[in-house]
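As the structure lists them, so they are numbered: ligands from 1, and atoms in each ligand from 1.
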Amino acid sequence: MAMTVPATRLGRATLSRLPAESRPAVRPGEAKAGVLHLGLGAFFRAHQAVYIEAAMAARGGDWGIVAVAPRSRDVLEALRAQDHLYSIVTLDASAERTRVMGALTGTVHAASDPAGVVAQLADPAIRVVTLTVTEKAYAPDAAVPRLLVDGLIARARADTGPITLLSCDNLPSNGVVLDKLLSGMIPAELRDWYDVSVRCPSSMVDRIVPATTAGTLASAERCLGARDLAAVAGEPFSQWVIEDSFAGAVPDWAAGGAVLTGDVTPWEHLKLRGLNGVHSGLAYLGALAGCESIADAVALPGMADLLRRYVATEVTASMTPPDGVTVAGYGDAALERFANARLGHRCLQVAMDGTQKLPQRVLSVLNTVADPALATLIVAAWARFAEGTGDAGQALPLDDPRAADVRADLSTEALFGPGGVLEVPDPTHRRMIEEWRTALATHGAADLVRTAVR
Ligand code: CS2
């Protein structure tokens, strides 16, 4: 009988056997911890960790990362069993590369050990906190702000120095949002300390990182010759624009490949509207049409033209881009990235949390421009998606913190009228949404997209 030999697990002991191009850019464990990251998801592992590792490789410094898993233990257990090493599979349209990351120094499980997170926040070695906690975590009753405030109180009492809190979530002015939230919760007697010792710069983050699949793990194992249960996959493109406003020391972000700027706002608007809004459009129209992946949705006849038109007209009219960038050119590049079939990014992943995403992605356009002919189609597609059934009768799950409110009354007036989950104040625009909903129900998304732009 054939015996299968269990594959070796990735760990420090396996590093010397890796091909040179797959080894970490820093020696694992050499740098001490300096960054605390909240949100141990795939995006952090394929984005911020890469820049911080590159900054350490270029300029040194104790910027090892302690990563906090909010709820699930799976990734944390996998990392602990691998000496906190993991790999990134970069998915080019035609090839793939895998590299092990050496920037993580530890992990904490917030749900079972909140005191451990507070202790990290009070530790003088930790001078930067990065966050990927999703849009819905930026609410006064959510767990993350509470944990941060408890940590800041402990830090102020221990007098362990200034700290920069860097939001990396897809929200406009994410730093301002975080700062308002925290300064509203910090006890009055610590206000002066907070004003002097805490900075919340805004940042724009970008890299398409689909959820890890069995295929990701198999690719990593093929390349590493060892099993990596914390591997992630991402596209080749990556960008991080950070507001240059810090409290105390920070990694040399620029040496790590990030762009520092005095004002991130135009970058945030460009990315949220010209990329994420288009992504959401693809997710809802694609899911209705029966597409599994975003790349399948881009390939629907007429889809790329329709979304190109949307960016060139409505998104362009809604904003002023950063110097030297055209909104239409940016949109074209985003569509090319979405067409990368190797990503296998599922429409349903991007479709999640629509009520939390669409305001900054699409309503920011719809409610600003004179003729939101296509922005209204995107939100109409969301509304039809929320009805729960695709064009071929397939069930579509509504994964959204406000799902109950949405389902309570799915009429256009209830969803988009005064007090609705997504407010569209102009009744003419609500009528346009209603007309698109009727057209989607009559023709189906694929036919409508094929004929919508001629
Ligand atoms: C996507 C984003 O899931 C989503 O809502 O639009 O995660 C997108 O892939 C990233 O923002 C790209 O940087």
- What is the minimum heavy-atom distance between Arg342 and Asp92, and which atoms define it? CD-O, 2.7 Å
- Task: Show the numbers, then the answer: is there a side-chain hydrogen bond (donor to acceptor under 3.5 Å, both in side chains) between Thr261 and Trp267?
- Result: CA-CA 10 Å; Thr261 173; Trp267 288 104; 5.1 Å; no
- Heavy-atom distances under 4.0 Å are what count here, so tell me which part of Val209 touches ligand 1: side chain, backbone, both or neither. neither
- Proximal ligand 1 atoms for Val350, defined as those under 4.0 Å from one of its heavy atoms: 3 (O), 4 (C), 5 (O), 6 (O)
- Item | Contact atoms of ligand 1, heavy-atom distance to His345 under 4.0 Å | 9 (O)
- Are Arg431 and Trp436 in a cation-pi contact, defined as NZ or CZ under 6.0 Å from the six-membered ring centre and within 45° of the axis? no
- Message: Give me the residue, atom name and distance of the protein heavy atom closest to atom 13 (O) of ligand 1.
- Response: Asp206 OD1, 2.5 Å
- Query: Can you tell me which residue and heavy atom of the protein come closest to atom 7 (O) of ligand 1, and the distance to 0.1 Å?
  - Reply: Asn170 ND2, 4.4 Å
Considering only heavy atoms, which of [options] lies nearest to [atom]?
atom                    : options                : result
atom 8 (C) of ligand 1  : Asn276, Val278, Ile208 : Asn276
atom 10 (C) of ligand 1 : Glu235, His279, Lys271 : Lys271
atom 4 (C) of ligand 1  : Arg207, Lys357, Gln349 : Lys357

- Message: I'd like to check the side chain to side chain contact (heavy atoms under 4.5 Å, CB included) partners of Val311; sequence neighbours left out, ordered by chain and number.
- Response: Val278, Val315, Val327
- Note on the structure: Residues passing the side chain to side chain contact (heavy atoms under 4.5 Å, CB included) test with Ala333, sequence neighbours excluded, are none
- In plain terms, say whether Arg430 and Glu435 are close enough for a salt bridge, that is, a side-chain N and a carboxylate O under 4.0 Å apart. no
- Query: CD of Glu77 to OG of Ser72: how many Å apart, nearest 0.5 Å?
  - Reply: 9.0 Å
- Item | Proximity flag His47 to ligand 1, non-hydrogen atoms under 4.0 Å | no
- Message: Please check whether Arg361 reaches ligand 1 - meaning an N/O of the residue sits under 3.5 Å from an N/O of the ligand, judged on distance alone.
- Response: yes
